[in-house]
Asks: 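Structure incoming, see below.
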Number of protein chains: 2
Amino acid sequence: MDRRTEILEAAAKSFALFGYKATTMDQVAKIANVGKGTIYTFFANKEELFNAIVVGMIEEMRTKAEAAAIVGGTFEENAHARLMSILKFRTTHQLYAKLIDEGKEIRTPAVQEVLADIETQIVKFIAEKIQKGIDRGEVKSCNVEMVAYLLFKSYMALVVDWGKTHGQELDETEIIDLLSNTIFKSLII
Amino acid sequence: MDRRTEILEAAAKSFALFGYKATTMDQVAKIANVGKGTIYTFFANKEELFNAIVVGMIEEMRTKAEAAAIVGGTFEENAHARLMSILKFRTTHQLYAKLIDEGKEIRTPAVQEVLADIETQIVKFIAEKIQKGIDRGEVKSCNVEMVAYLLFKSYMALVVDWGKTHGQELDETEIIDLLSNTIFKSLII
DNA sequence: AAATGACTATAATTCAATTACGGTCATTTG
DNA sequence: CAAATGACCGTAATTGAATTATAGTCATTT
């Protein structure tokens with residue numbers, strides 16, 4: 001394995017375990033079995049190293065979300081499957097979960113920027129799928145950007161936020177029932 | 001004006017101006033022209049004084065939201081008017097705006113609890129209106145709690161959150177257009 | 001009986017000393 | 001000699017002791 005990859009893997013491990021702030025460049029160098037200076041021949045600074053790892057994570061999330069769709073499934077089925085996959089990734093993927101926590105609790109600016117960027121990319125991803133649905137004649141013409149945003153925020157609200165104030169999580173069937181009867185119903189041709 | 005009221009007004013002024021944490025009981029006593037000990041004959045502690053003021057604020061918000069409805073208006077028109085009224089109150093009302101800021105920036109626990117409680121009460125308020133809509137035959141039978149939550153979160157997303165990531169706020173007509181064509185369309189008989 | 005403010009115990013804040021860290025660069029290594 | 005390295009530097013973060021501020025009490029006053 002080349003040095004660059006070793007550094008990336010070491011950093012990914014450390015960021016996932018300790019978060020952005022608590023990961024030191026000395027530590028990354030040690031885990032990667034590399035002099036600290038070597039890191040700086042591949043990455044301009046700590047934040048760029050971090051961003052490189054996040055790019056990989058987003059790629060992974062996108063792949064998982066794509067894979068969640070069923071061939072021959074309706075727009076609604078696939079949209080639901082993809083969104084649930086993305087939201088599950090938030091808690092499943094150690095680095096992502098750590099970043100969410102760090103963004104809220106410590107509020108490291110670099111982490112908050114990254115999280116905002118991830119959200120933007122997710123919404124853009126959803127928007128692409130909606131546009132495809134429109135092109136295929138499955139979905140009504142609409143303000144794609146806004147509908148994507150509304151869908152994402154609705155899923156976040158029901159999957160992530162509800163449990164925090166209501167003591168227990170909503171069941172996935174309750175969520176799909178509600179959204180199927182509200183947003184999806186008016187969205188699908 | 002009786003002492004209790006004077007204390008309440010002084011405290012309301014101070015909380016709105018400086019927030020919960022930065023308001024001292026000495027300061028409230030001074031503004032109210034009252035000995036500090038007197039405050040404790042009416043309120044068990046700082047938090048109870050705070051809660052008493054928040055109760056008043058919620059009452060005011062509720063009154064404003066009720067007044068926003070048009071007599072003879074449809075469910076959709078009135079739901080929209082009420083929700084916009086509530087969300088405008090967030091930024092208009094000095095105390096509320098201060099608390100939102102303090103909840104996010106300083107994260108005073110007493111303030112965060114109060115904010116969570118206000119949200120719960122808003123959702124409950126919306127749920128009542130939906131239930132009335134169902135009883136009147138204007139709204140389809142549905143999971144009232146969940147629809148109320150979804151509506152509130154949708155409005156929050158479009159009115160409050162959108163601007164933060166997209167550079168500029170959405171126009172109110174864009175918001176009502178979108179929601180009219182999605183959630184409301186499937187909700188109304 | 002109601003009001004008060006000096007008083008107390010505790011929590012928050014300061015600030016100087018110390019430590020930790022990101023990033024550099026002269027030296028070493030293969 | 002190009003790539004790798006880690007001692008080194010300036011700055012940022014942390015610590016802890018000293019100080020100050022504050023919520024809440026209660027003996028005294030009105």
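Numbers restart at 1 for each chain; the letters A, B, ... are given by sequence-line order, proteins then strands.
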Asks: Run the side chain to side chain contact (heavy atoms under 4.5 Å, CB included) test against A:I188 and tell me which residues pass, sequence neighbours left out.
Replies: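 For A:I188 the side chain to side chain contact (heavy atoms under 4.5 Å, CB included) partners, ignoring immediate neighbours, are A:F75, A:E76, A:F184.
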Asks: Considering only heavy atoms, which members of residues 16-41 of chain A lie under 4.0 Å from some atom of DNA chain D?
Replies: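 By residue number: A:K21, A:V34, A:G35, A:K36, A:G37, A:T38.
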Asks: Going by side chain to side chain contact (heavy atoms under 4.5 Å, CB included), name the residues that satisfy it together with B:T5, two or more places apart in sequence or in a different chain.
Replies: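 Listed in chain order: B:M1, B:D2, B:E9.
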Asks: Quick check on D:dA3: is either OP1 or OP2 less than 4.0 Å from any side-chain nitrogen or oxygen of A:R3?
Replies: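 Looking at the OP1 and OP2 atoms of D:dA3, neither is under 4.0 Å from any side-chain N or O of A:R3.
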Asks: Can you measure A:D2 atom CG to D:dA3 atom C1' for me and round it to whole angstrom units?
Replies: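 A:D2 atom CG is separated from D:dA3 atom C1' by 14 Å.
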Asks: Check the angle between the aromatic planes of B:F50 and B:Y20 and answer parallel, tilted or perpendicular using the 30° and 60° thresholds.
Replies: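 Aromatic pair B:F50/B:Y20 classed tilted.
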Asks: Strictly by Watson-Crick or wobble contacts shorter than 3.5 Å, is anything paired with C:dC7, and which nucleotide is it?
Replies: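 Pairing partner, where one exists within any strand: D:dG24.
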Asks: What class does the angle between the rings of A:Y155 and A:H80 fall in, given that below 30° is parallel, 30 to 60° is tilted and above 60° is perpendicular?
Replies: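 Taking A:H80 first and then A:Y155, their aromatic rings sit tilted (interplane angle of 30° to 60°).
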Asks: Along DNA chain C, 5' to 3', what are the outermost nucleotides having an atom less than 4.0 Å from a heavy atom of chain A?
Replies: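 Span of nucleotides near chain A: C:dC21 to C:dT24.
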Asks: Considering residues at least two apart in sequence or located in another chain, which fulfil the side chain to side chain contact (heavy atoms under 4.5 Å, CB included) criterion with B:D135?
Replies: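 For B:D135 the side chain to side chain contact (heavy atoms under 4.5 Å, CB included) partners, ignoring immediate neighbours, are B:Q131.
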Asks: Considering non-hydrogen atoms only, spot the tightest contact between B:K153 and A:A157 and give its length.
Replies: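 Minimum heavy-atom contact is CG-CB, 3.6 Å.
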Asks: Under the side chain to side chain contact (heavy atoms under 4.5 Å, CB included) test, which residues partner A:K98, sequence neighbours left out?
Replies: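 None.
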Asks: Distance only, no hydrogens: is a donor on one side chain within 3.5 Å (strictly under) of an acceptor on the other, for A:D171 and A:T173?
Replies: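 Side chains of A:D171 and A:T173: pair found under 3.5 Å.
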